[in-house]
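I'd like to ask you about the structure that follows.
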Amino acid sequence: HAKNHGKGHLAEFNAQLGADSLRRMTMERKLKEAIRRDEFFLNFQPQYDLASRSIVGVEVLLRWQNEELGLVPPGLFIPVAEQSRIILDIGHWVLEQAMSQNLAWGRAGLPMLPMAVNLSALQVHQHDFDEQVTNLLRQHAYPADRLELELTESVIMDNAIPVLRQLEQLRSSGVRISIDDFGTGYSNLGYLSRFPLDVLKIDRSFITHIHEQPQQQQIVQAIVQLARAFDLQLVAEGVEQEAELAFLSSLGVERVQGYLLARPLSASQMAELLGGQKGVA
Ligand code: C2E
Ligand code: MG
Ligand code: MG
Ligand code: MG
């Protein structure tokens, strides 16, 4: 059988490589048209105050529905969009849509909660990123304190100084800055004291089964201490069980997000949920 020969392996490997790059090229071509063809939409996942279980924020999650590819998960298309730089246009579209949606909810008499938007490294590394965001805020008359920008540690760490300046600029206008997937990235925590930050989002890997995992408990406890020391808010991501929630409560984590409380929702589902929250925040 060919598998037993070196050449066979190589042929198989090449075929696989060819298939992968073909799939990538196809996806890239379709991504380039996706905004114009109106194939993107947003989902919204509520964040809850743990004690009162009221909604205190919303994370915006991008979705791509393509005729041939179906609903493509962001974990698949975002890397392709980043490598081809299409993410710059997509990211701008997400920011603008998120603002428009929140303003529409406000006009409909629903509470305008802070919207957390995920950013790619490429977006933040543009020299005029802060101006782009400020311009959008101005154009839409969108209240800056209703926007939270989620970055990962790696986004901050490469190109640290230009990014630092941009974030300082944005934060001085009232935008909140959040570190996503906290604990999975850079191990040098010095940036916590140098960067203008508001929120740490504890990665789901530390939250899953925390009630029965002493090592995860130690890590989250240390993160709680860090957050107190640097005066940062904490959000626990990916809460799926009541037992996890109870444990997070005992550690003093205040904000939670996860399937237990709500899955990512469509705009109309989110509006319905916000309707039951009138008067909050
Ligand atoms: P993230 O920002 O860490 O978002 C959290 C992910 O965890 C989301 O996956 C969400 O649906 C999922 N999640 C929430 N609660 C639970 C839970 O209880 N259990 C489990 N197992 N999962 C949960 P999603 O929507 O597939 O997004 C994946 C990643 O794609 C996001 O991770 C984010 O890094 C990226 N992404 C999503 N939207 C955008 C965007 O507009 N721009 C950029 N640059 N990245 C985005
Ligand atoms: Mg996020
Ligand atoms: Mg992330
Ligand atoms: Mg995350």
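As the structure lists them, so they are numbered: ligands from 1, and atoms in each ligand from 1. Just so it is clear, the model here is predicted, and its values are computed rather than measured. For the numbers below, each heavy atom of this structure counts, side chains included, while hydrogens, waters and symmetry mates do not.
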Practice task
Compute the minimum heavy-atom distance from R263 to ligand 1 and say whether it is under 4.0 Å.
Solution key: no
Practice task
Please work out whether the ring planes of W105 and F44 are parallel, tilted or perpendicular, with thresholds of 30° and 60°.
Solution key: perpendicular
Handout entry: Proximity winner for atom 44 (N) of ligand 1, if only heavy atoms of S120, G238, A262 are counted
Key = S120
Practice task
Answer with side chain, backbone, both or neither: which part of D181 has a heavy atom less than 4.0 angstrom from an atom of ligand 1?
Solution key: side chain
Exercise for the section: Verify the distance criterion only: is there a donor paired with an acceptor across the side chains of E131 and N135 at less than 3.5 Å? Expected result: no
Problem - Backbone N/O of Q126 and side chain of Q166: donor-acceptor pair under 3.5 Å - result: yes
Practice task
Taking only heavy atoms of I78 into account, list the atoms of ligand 1 that are under 4.0 Å away from them.
Solution key: 39 (C), 42 (N), 43 (C), 45 (N), 46 (C)
Exercise for the section: Please step through side chain to side chain contact (heavy atoms under 4.5 Å, CB included) for the pair Q217 and F247, ending with a clear verdict. Expected result: CA-CA 9 Å; Q217 293 167 13; F247 204 89; 3.2 Å; yes
Completion exercise
For Q45, the ligand 1 atoms with a heavy-atom partner under 4.0 Å come out as 14 (C), 15 (N)
Problem - Heteroatom test (N, O or S) for E150 near the Mg ion (ligand 2), limit 2.8 Å - result: yes
Exercise for the section: State the CD1-CD1 distance between I90 and I78, to the nearest 0.5 angstrom. Expected result: 7.0 Å
Problem - Under 3.5 Å: donor-acceptor pair, side chain of Q47, backbone of V256 - result: no
Practice task
Could you tell me whether R24 and E28 make a salt bridge, using a distance below 4.0 angstrom between a side-chain N and a carboxylate O?
Solution key: no
Exercise for the section: Record the part of N118 in heavy-atom contact with ligand 1 below 4.0 Å; permitted values are side chain, backbone, both and neither. Expected result: both
Handout entry: Test of proximity, E59 against ligand 1: N or O pairs below 3.5 Å
Key = yes
Handout entry: Polar atom proximity, Q123 to ligand 1 (N or O, under 3.5 Å)
Key = no
Problem - the Mg ion (ligand 4) - closest N/O/S atom in D181 - result: OD1
Problem - Residue selection (non-hydrogen contact nearest atom 22 (N) of ligand 1) among W93, W64, Y259 - result: Y259
Handout entry: Polar atom proximity, G258 to ligand 1 (N or O, under 3.5 Å)
Key = no
Problem - Check: D181 main-chain N/O paired with T184 side-chain donor or acceptor under 3.5 Å - result: yes
Exercise for the section: Show the numbers, then the answer: is there a side chain to side chain donor-acceptor pair (under 3.5 Å) between E254 and Q233? Expected result: CA-CA 8 Å; E254 287 170 352; Q233 273 193 36; over 6 Å; no
Exercise for the section: Please confirm if an N, O or S atom belonging to E59, backbone or side chain, lies less than 2.8 Å from the Mg ion (ligand 2). Expected result: yes
Exercise for the section: Output the distance between atom CD (Q45) and atom CD (E237), rounded to the nearest 0.5 Å. Expected result: 8.5 Å
Handout entry: Element-labelled atoms of ligand 1 that are located less than 4.0 Å from some non-hydrogen atom of L119
Key = 44 (N)
Problem - Metal check, the Mg ion (ligand 2) vs N118 N/O/S, cut-off below 2.8 Å - result: yes
Completion exercise
Here the N/O/S atom of D180 closest to the Mg ion (ligand 4) would be OD1
Problem - N-O pairing of E59 and R263 below 4.0 Å - result: no
Problem - Donor-acceptor contact present, side-chain Q123 to main-chain S120, <3.5 Å - result: yes
Completion exercise
Logged contact type for K201 with ligand 1, heavy-atom cut-off 4.0 Å, is neither
Handout entry: Close N or O approach (E240, ligand 1; < 3.5 Å)
Key = yes
Exercise for the section: Fit a plane to each ring of W93 and F40, take the angle between them on a 0 to 90° scale, and name the class: parallel (under 30°), tilted (30 to 60°) or perpendicular (over 60°). Expected result: tilted
Exercise for the section: Just jot down the ligand 1 atoms closer than 4.0 angstrom to any heavy atom of P264, in number order. Expected result: 11 (O)
Practice task
Determine whether the side chain, the backbone, both or neither of D180 has a heavy atom under 4.0 Å from any heavy atom of ligand 1.
Solution key: side chain
Problem - Which segment of Q257 sits under 4.0 Å of ligand 1 when only heavy atoms are counted - result: neither
Fill in the blank from the handout: Logged contact type for E82 with ligand 1, heavy-atom cut-off 4.0 Å, is neither
Practice task
With heavy atoms of V94 as the reference, note each atom of ligand 1 found under 4.0 Å away.
Solution key: 41 (O)
Problem - Short N-O contact, D130 and R165, less than 4.0 angstrom - result: no
